[in-house]
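Within every chain, numbering begins at 1; the chains are lettered A, B, ... in the order of the sequence lines, protein sequences first and strands thereafter.
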Protein chains: 2
Amino acid sequence: MDNVTPIRVPSHFEREFPGASRSGAEVAANLIRAADALLAEIDRRRRSIADLSPSAFQVLAILEGAGEPLAAHAIAEHLLVSTASTTSLLDTLEKRGLVERTPHPSDRRKTLVHLSDEACDIVDRMLPQVHAAATDAVDGLSEAEREQLIQLLTTIRHSVVELAKQEPPRPKSRRKSSARPKP
Amino acid sequence: MDNVTPIRVPSHFEREFPGASRSGAEVAANLIRAADALLAEIDRRRRSIADLSPSAFQVLAILEGAGEPLAAHAIAEHLLVSTASTTSLLDTLEKRGLVERTPHPSDRRKTLVHLSDEACDIVDRMLPQVHAAATDAVDGLSEAEREQLIQLLTTIRHSVVELAKQEPPRPKSRRKSSARPKP
DNA sequence: TATTGTTATACTCTATAACTATA
DNA sequence: TATAGTTATAGAGTATAACAATA
């Protein structure tokens with residue numbers, strides 16, 4: 001009935017991919033799947049409050065976190081998307097009555113984006129759900145294990161950030177497994 | 001120069017969100033960010049080989065992993081998307097010369113999807129890159145730490161899978177921080 | 001000249017519904 | 001009646017390029 005076990009990689013893995021680490025592949029698979037499951041659960045809870053896309057929620061959260069109206073380009077920078085994409089997101093939110101755009105008082109190039117009362121209400125109900133999901137997700141871990149996990153994940157993130165600074169690397173060979181099912 | 005440190009949550013967190021766990025929020029944030037960084041690096045490496053979307057790569061990987069042509073609905077089931085969406089993905093791949101569709105010999109409702117030689121070549125160059133990313137990402141961890149990490153992630157995934165079976169839960173209150181900047 | 005925001009256009013992924021052909 | 005696949009349509013997020021208004 002309880003079928004959640006570690007994702008494992010077959011023993012011939014390192015023969016098929018010379019230079020690759022089997023435990024590395026297993027860590028990667030388990031990391032990505034765990035994060036994916038958690039994100040899906042968070043998204044499910046957010047949707048139980050309001051049917052908005054993750055990006056739309058993010059815009060609301062950014063505005064709420066700022067505690068004051070922001071110019072559109074500031075939102076674009078937080079989201080790491082283009083200003084044109086942000087315009088499109090804000091159009092959707094404005095149509096739904098969740099944000100309002102007003103001219104900036106001193107710089108007439110800018111538009112200030114405000115949260116509506118309904119949007120504030122959505123964020124106030126959404127955040128406890130999100131944090132409850134995180135709280136429940138780590139229910140099976142001791143405080144020591146949580147801290148250990150944070151450290152291990154940070155080590156990985158550190159390595160990946162370093163990799164991202166380099167060239168996409170040298171090609172490596174692959175040795176195809178000999179026996180392959182045939183049509 | 002090396003600025004990757006654990007993501008932390010402010011100390012007033014549990015006051016603002018009664019019932020939520022600060023360490024849970026920290027674990028969640030670090031988990032999601034680490035997975036996101038790794039996925040971005042994997043995607044970057046795949047794109048250095050061929051400019052295809054993650055879904056398109058997944059179709060190729062599914063077909064390669066099967067070792068034989070698959071019917072379209074089988075691909076849809078692996079991808080967890082609708083058959084209509086799969087048709088669209090296959091259309092794109094076919095236009096690029098990466099897959100070919102042929103009629104199923106015995107069941108004339110079905111279409112068999114084959115990888116082209118070019119697609120096989122792309123997958124053969126792509127997989128070593130993906131596995132090298134995973135290998136490099138865990139470079140800083142001992143084998144014992146890797147195994148420990150896999151266990152911790154599996155515990156979390158287990159909890160989340162259980163949560164996903166339940167109703168999206170009871171609303172919880174939020175206590176807004178007192179001092180808020182004003183426009 | 002640089003910045004801000006919008007429009008126009010295009011592309012991807014995804015979905016549902018309606019439909020055809022086949023089993 | 002059920003299954004396989006396609007088409008039609010729609011809506012989301014995202015991007016680039018061109019543009020207007022303002023600094």
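Here the rule is side-chain contact (heavy atoms from CB on, under 4.5 Å) with B:M126, and of B:D121, B:I49, B:L60, B:L52 only B:I49 fits it.
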Query raised in the report: How far apart are the C-alpha atoms of B:L93 and B:V113, what are their side-chain angles, what is the distance that settles it, and do they pass the side chain to side chain contact (heavy atoms under 4.5 Å, CB included) test?
Result: CA-CA 10 Å; B:L93 287 170; B:V113 183; over 6 Å; no
Query raised in the report: Could you walk me through whether B:L149 and A:I156 pass the side chain to side chain contact (heavy atoms under 4.5 Å, CB included) check?
Result: CA-CA 11 Å; B:L149 179 51; A:I156 287 181; 3.5 Å; yes
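We find that CZ of A:R108 is positioned 17 Å from C1' of C:dT6, with the value rounded to whole Å. Between the CZ atom of B:R109 and the P atom of C:dT22 there is a distance of 11 Å, given to the nearest Å. When rounded to the nearest whole Å, the span between CZ of A:R101 and C1' of C:dT7 equals 12 Å. Note: CG (A:D51) to C1' (C:dA15) measures 13 Å, nearest angstrom.
Side chain to side chain, A:Q151 and A:E147 meet the donor-acceptor criterion of an N or O pair below 3.5 Å. In this model, no donor atom of one side chain and acceptor atom of the other lie less than 3.5 Å apart for A:S53 and A:S55. In this structure, a donor-acceptor pair under 3.5 Å is absent between the side chains of B:T86 and B:T83.
With respect to B:R101 and B:E94, a salt bridge is recorded, a charged nitrogen being found less than 4.0 Å from a carboxylate O.
The footprint of chain A on DNA chain D, defined by a heavy-atom cutoff below 4.0 Å, extends from D:dA12 to D:dA23.
Shown for residues 79-99 of chain A: residues whose heavy atoms fall under 4.0 angstrom of DNA chain C, namely A:T83, A:A84, A:T87.
Distance check, rounded to the nearest 0.5 Å: CG of A:L39 to CD1 of A:I32 gives 12.0 Å.
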